[in-house]
Protein chains: 2
Amino acid sequence: MHGLSVSTPPTDLRPLTRSAASQPLVHLADGLDLPGVAMPFLRNEEIYGQDEPAEFVYRVLSGTVRTCRQLADGRRQVEAFHLPGDVFGLECGAVHYASAEAVGDCEVALVRRAAVESAAHRDGTAARALWLLATGDLERVRRLTLTLARKGATERVASFLLAMAARSEGDVVDLSMSRNDLADHRGLTIETVSRTFTQLERCRMIALPSPRRVVLRDRRALAALDG
Amino acid sequence: MHGLSVSTPPTDLRPLTRSAASQPLVHLADGLDLPGVAMPFLRNEEIYGQDEPAEFVYRVLSGTVRTCRQLADGRRQVEAFHLPGDVFGLECGAVHYASAEAVGDCEVALVRRAAVESAAHRDGTAARALWLLATGDLERVRRLTLTLARKGATERVASFLLAMAARSEGDVVDLSMSRNDLADHRGLTIETVSRTFTQLERCRMIALPSPRRVVLRDRRALAALDG
DNA sequence: CGAGCGTTTGAACAGCGTCAAAACAAGTGG
DNA sequence: CCACTTGTTTTGACGCTGTTCAAACGCTCG
């Protein structure tokens, strides 16, 4: 699952191109373009559910998608946020490990997983692309475990902001997700996230023109907080 | 597989390149057996270092191996413990994400990564096996993030004990790792881990014949603590 | 204007970390 | 066999960080 755990894949927003079979081609990875369809989703709409059969692979065309895992008692962990260009929902097993939901209104491309797997079986290069997708996700999740295991609230928020900034232009970051989503991603409560924001603002490391808009004023100091 | 003699120093790997034909086969996954060599490591000896070129793939023959990632300030995160039969150190990128060290004296099989990759390129089944290895790691790390993000100390220790028990016979678990390793794996301190053990013992959920030997007396209660 | 939602802020609390010391085990040398 | 060392584990007292609970604030949209 391409995502925003820490490091960031290059955002490649090439438009859907027409294939012979009338379905547009979806770019899943370098050397792996397969026919699929685009689908719109509304804010908070579920794209697929945890433990549901994994029939499709997805690519974000616009908006933001979150993938979450839920515990029986309601505690929730947001695995990752997926921005335009990111591929998510690719499983090797039968079912989806997490659910996927639209953070805001968004558009997503669907590709049949069977098509992906048969392409990988035929073509060694496609197979390697698949492996690369998996290990990319792996590294991002690993970095997340390090953050969750060993870092304090300030470091957790700072590293998130830096990761988001790496996918934006300039120093202004528009957060598409709520404090709640952010807290569930960083293993904190919304109150702690909010307090950390205001604290970073008082330290002149960021500015907050509005709750969802963050300006990075001192990248160096933020990076020092990060590991 | 255990046949290779005593004194091949860790850094001298020339026998590998010389006589591939005479090397024993190492089982990396179903349908993926490749020639490699066995090597012994002493307690706490480094098998490979973080950010070092990833030239080999490894399989535990005996003992336990830990893979760790270290922050600049010394904070350490133990990604995983690898028990006999486990494959570790397989990377897609150029370097190792984490370092690997012997928890106790152990023996490990080494396979050239180039051999693995070329097998995967030729053979779709081998390629899928590689993908499966990566997604298996991915799922394990994902479960770890959930634990670290949302669970308390008791739950963290309980789920670890259950995971270890799943790889042992019966209800007795012999921990090969120190409290320190355990703490760095679960995102806790050694004091908290120790206190949690004695607390679980007082609740009659476990017995502690010795610090490293744990008897699970109430799996149900332990599982209830887990998510 | 008021309703509803998301965000911020405050005060009291709890859990885990920190520091310090004691208990324990295993190995070494006299 | 004992005294001594070294490393690991356990236990205790205390403080900090983040959570919980509660209330106020500030949007946006009827």
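All heavy atoms count here, side chains included; hydrogens, waters and symmetry mates do not. Just so we're on the same page: letters track the sequence lines, and every chain starts at 1.
Residues of residues 72-84 of chain B that place a heavy atom closer than 4.0 Å to DNA chain C do not occur.
The side-chain tip of Arg179(A) points at the ring of Phe197(A) from less than 6.0 angstrom away and within 45° of straight on. Cation-pi contact between Arg69(B) and Tyr97(B): present, with separation from the ring centre below 6.0 Å and deviation from the ring axis of at most 45°.
Distance CZ (Phe197(A)) to P (dT8(C)): 8 Å, rounded to an integer number of Å. Between the CG atom of Asp181(A) and the P atom of dC5(C) there is a distance of 16 Å, given to the nearest Å. Here the P atom of nucleotide dT18(C) and the CG atom of Asn180(B) are 12 Å apart, to the nearest Å. Taking atom CG of Leu182(B) as the reference point, atom C1' of dT10(D) lies 15 Å away to the nearest angstrom. For the pair Gln199(B) CD and dG12(D) P, the computed distance is 14 Å after rounding to whole Å. Atom CG in Leu208(B) sits roughly 14 Å away from atom C1' in dT8(D) (whole-Å rounding). If you measure from atom NZ of Lys151(A) to atom C1' of dT17(D), you get 18 Å, rounded to the nearest angstrom. Rounded to a whole Å, the CZ atom of Arg213(A) is 20 Å from the P atom of dG26(D).
Annotation for Arg213(A): atom CZ does not count as buried by contact number, only 12 or fewer foreign heavy atoms lying within 6.0 Å. Within a 6.0 Å radius of CZ in Arg75(B), other residues, nucleotides and ligands contribute more than 12 heavy atoms.
Contact annotation: Ser194(B) side-chain N/O to dT11(D) OP1/OP2 distance is not under 4.0 Å. A close approach under 4.0 Å does occur between a side-chain nitrogen or oxygen of Thr192(B) and OP1 or OP2 of dG17(C). Side-chain nitrogen and oxygen atoms of Arg43(B) include at least one within less than 4.0 Å of the OP1 or OP2 phosphate oxygen of dT8(D). Contact between the side-chain N/O atoms of Arg212(A) and the OP1/OP2 oxygens of dT7(C) is found at a separation under 4.0 Å.
For the pair Val172(B)/Val214(B), no side-chain contact is recorded, criterion being any heavy-atom separation below 4.5 Å from C-beta on.
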Could you encode protein contacts along nucleotides 19-28 of chain C as a string, one character per nucleotide from 5' to 3', using B for base contact, S for sugar-phosphate-only contact and - for no contact, with a heavy-atom cut-off of under 4.0 Å?
B---------
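Among the nucleotides dT11(D), dT10(D), dT8(C), the one closest to any side-chain atom of Ile190(A) is dT8(C). Among the nucleotides dT7(C), dT9(D), dT11(D), the one closest to any side-chain atom of Ser178(A) is dT7(C). With dC16(C), dT7(C), dT18(C) as the choices, the nucleotide that has an atom nearest any side-chain atom of Thr189(B) turns out to be dT18(C). For Leu188(B), taking side-chain heavy atoms from C-beta onward, the closest of the listed nucleotides dG17(C), dT10(D), dT8(C) is dG17(C).
Comparing Asn44(B) and Arg150(B) by the nucleotide of DNA chain D whose heavy atom lies nearest to each, the residue mapping closer to the 5' end is Asn44(B).
Among the candidates Val60(A), Val116(A), Val26(A), Val57(A), the single residue satisfying the side-chain contact (heavy atoms from CB on, under 4.5 Å) test with Val87(A) is Val57(A).
The distance between the ring centers of Tyr58(A) and Tyr48(A) falls below 6.0 angstrom.
The closest donor-acceptor contact from the side chain of His96(A) to the backbone of Asp51(A) lies at 3.5 Å or more, if one exists at all. With hydrogens and angles ignored, the 3.5 Å screen pairs a side-chain donor or acceptor of Asp86(A) with a backbone N or O of Leu83(A).
Note on Lys151(B) versus Asp226(B): salt bridge recorded, some NZ/NE/NH1/NH2 to OD/OE distance being below 4.0 Å.
As judged by a 4.0 angstrom heavy-atom cut-off over every strand, Thr198(A) is placed among residues touching the sugar-phosphate backbone only.
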